[in-house]
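Following: one structure in structure tokens, then a few remarks.
For reference, positions follow the sequence shown, starting with 1.
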Amino acid sequence: MSQIPRWIYYKQVFRSKFQAGCVKAKIEDNWTNGYEIGPLVEIKKLRTDKYVVRYTYDETM
């Protein structure tokens with residue numbers, strides 16, 4: 001049975017998908033040369049046509 005992942009939301013809401021994509025790339029790049037498995041990062045669109053970045057460390061996905 002798979003668990004629902006626990007998402008961690010970035011503290012800022014962005015007006016454009018480009019801005020959110022820049023933060024997503026920055027989060028992913030921090031783990032490129034590390035020893036740990038990097039987080040799964042997503043960009044979600046809100047109803048207000050703004051974007052939020054969320055990530056998880058759960059390996060159950």
Looking at V41 and E28, what are the two nearest heavy atoms and their distance?
CG2-CG, 3.7 Å

Note: Q12 and V52 closest approach over all heavy atoms is O-CG2, 4.2 Å

Do V13 and Y51 come within less than 4.5 Å of each other through their side chains, counting heavy atoms only?
no

Non-hydrogen side-chain atoms of F14 and V53 separated by less than 4.5 Å
yes

Once you round to the nearest 0.5 Å, how far does NZ of K17 lie from NZ of K24?
8.5 Å

Rounded at 0.5 Å granularity, tell me how far OH in Y10 sits from OH in Y55.
8.5 Å

Using modelled atom types only, decide if a donor and an acceptor are shared between the side chain of T56 and the backbone of L40 within a distance under 3.5 Å.
no

Can you measure from SG (C22) to CD1 (I43) and round to the nearest 0.5 angstrom?
9.0 Å

Considering all heavy atoms, the nearest K44-E42 contact:
CD-OE1, 3.9 Å

